[in-house]
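Atoms within each ligand, like the ligands themselves, are counted from 1 in listed order. One is the number of the first residue; the rest follow in order along the sequence.
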Amino acid sequence: MITRCSPVTAKIGVSRPDKSDRESRNRMFVLGMGFVGQFFAQELNNKDWVVSGTCTSLSKKKQLEEKGFDVYLFNANDQELLILDTLKDYSHILVSIPPVKGIGDPMLLHGELLRSTLMGSDLQWLGYLSSTGVYGDCGGAWVDEDYPTSPTTELAKLRLAAEEGWLNLGQDLGVSAQVFRLGGIYGPGRSAVDTIIKQSPLSKSQKMRGSRQYTSRIHVNDICQVLEASVQKPSSRNIYNIVDDDPASREEVFAYAWNLVEKKWPGGLKQSPSPQKVEQNNEKASSRGEKRVSNARMKRELGVRLIHPSYKSGLQSIIDQMENPYQSSLLGS
Ligand SMILES: NC(=O)c1ccc[n+]([C@@H]2O[C@H](COP(=O)([O-])OP(=O)(O)OC[C@H]3O[C@@H](n4cnc5c(N)ncnc54)[C@H](OP(=O)(O)O)[C@@H]3O)[C@@H](O)[C@H]2O)c1
């Protein structure tokens, strides 16, 4: 039985589909219970879906089970894919596993087996989480789903091939299949506010993005509502850009997050915001992948109204839900 709750950390009921579920309830299998996968699984659990998913390590499986999720241990790079038989019992599959350098989509390596196993199964809907990186550098132009893709990095090229592979599989199986090209994902626990509070140095790819004038983002709650809208309105081979209305530089977003933290907990931050600033380098402009990604199709065809049309409301909602991170150090001093 599924118990309802709202916070992500709250316990939920574990369930696997039995015969009566298969006749009466929607069943989602999330391949890759990462950041998005967990939020989405929680959303659906709250709506009385049967939800299961996968992760690659035993320690994470235990953590997820403690949160109440139903989880299978699964690594697509392994030879044996026992999980495939399990997939047959689900009506919906979300693929959240990224491609692997030098390999490609690790699931699609087993494409023929996937096809033969899922043919004639209960599957109705297949969603693949992709990235706006497939467009490459567009010189700052507005980019919709019909804009020619021109991936520059190996991973973006593999991503594009994976999109095609999943859409083809969906078509062969005669099920609704769609690709979601996501902008930079943020949400509770993974945001500019969290980075500033942890005061951790930026990673190399974050610094790269820091030099861009435009970076498209999307709050995880909006990803979840788009996925749910797509389930309600299945398509055949549709591709959707999933971004907010406000492409902005990383520097701008960090300055905003910095002010939010300073305003809420004055004096808590030790460093100045300058470490987040990344110098512009005009010579490298062509490798920055500049583009402004349009979300018009998502709104028009899926009827989505963004909860967080800009990073501003997204970050505000994140900080509003946070406990004072400086509380313990204040008490200790
Ligand atoms: N982060 C972004 O800003 C961004 C932007 C655009 C698109 N995307 C893509 O959107 C998708 C969802 O993003 P996310 O941030 O939720 O990703 P995430 O947190 O990194 O989750 C990825 C999931 O895939 C699983 N996985 C990775 N390699 C695997 C393999 N070989 N076999 C089986 N499972 C494997 C991971 O397992 P474990 O749980 O065991 O680690 C994890 O559950 C990903 O494909 C991501 O690349 C991300």
Report yes if some N/O of [X] lies less than 3.5 Å from some N/O of ligand 1; otherwise report no.
X      : result
Gly37  : no
Gly184 : no
Val36  : yes
Met33  : yes
Val100 : no
Gly34  : yes

(message) Residue-level breakdown please: for Gln63 versus ligand 1, do any non-hydrogen atoms fall below 4.0 Å on the side chain, on the backbone, on both, or on neither?
(response)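 It is neither; nothing of Gln63 touches ligand 1.
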(request) Using a 4.0 Å heavy-atom cut-off, say whether Arg159 meets ligand 1 through its side chain, its backbone, both or neither. (result)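 Side chain only; the backbone of Arg159 stays clear of ligand 1.
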List the closest protein heavy-atom neighbour of [atom]: residue, atom name, distance to the nearest 0.1 Å.
atom                    : result
atom 5 (C) of ligand 1  : Gly183 O, 3.3 Å
atom 39 (O) of ligand 1 : Lys60 NZ, 2.6 Å
atom 48 (C) of ligand 1 : Ile185 CD1, 3.4 Å

Can [X] and [Y] be counted as having a side-chain donor-acceptor contact under 3.5 angstrom?
X      : Y      : result
Ser52  : Tyr90  : yes
Asn221 : Gln225 : no
Asn241 : Asp144 : no
Tyr128 : Arg159 : yes

(message) Quick test of your reading of the structure: of Ile97, Leu109, Leu31, whose heavy atom lies closest to atom 35 (C) of ligand 1?
(response)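 Looking at heavy atoms only, Ile97 sits closest to atom 35 (C) of ligand 1.
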(message) Among all the protein's heavy atoms, is there at least one whose distance to atom 33 (C) of ligand 1 comes out below 4.0 Å?
(response)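 It does: a protein heavy atom is found less than 4.0 Å away from atom 33 (C) of ligand 1.
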(message) For His219 and Tyr186, I'd like to know if the aromatic rings sit close, meaning centre-to-centre distance below 6.0 Å.
(response)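 Judged by ring-centre distance (under 6.0 Å), His219 and Tyr186 do meet the cut-off.
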(request) Measure the distances from the heavy atoms of Gly133 to every atom of ligand 1 and state whether one is below 4.0 angstrom. (result)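 Per 4.0 Å heavy-atom rule, Gly133 does not contact ligand 1.
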(request) Please verify whether a non-hydrogen atom of Arg190 lies at under 4.0 Å from ligand 1. (result)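 Judged by the 4.0 Å heavy-atom criterion, Arg190 does count as contacting ligand 1.
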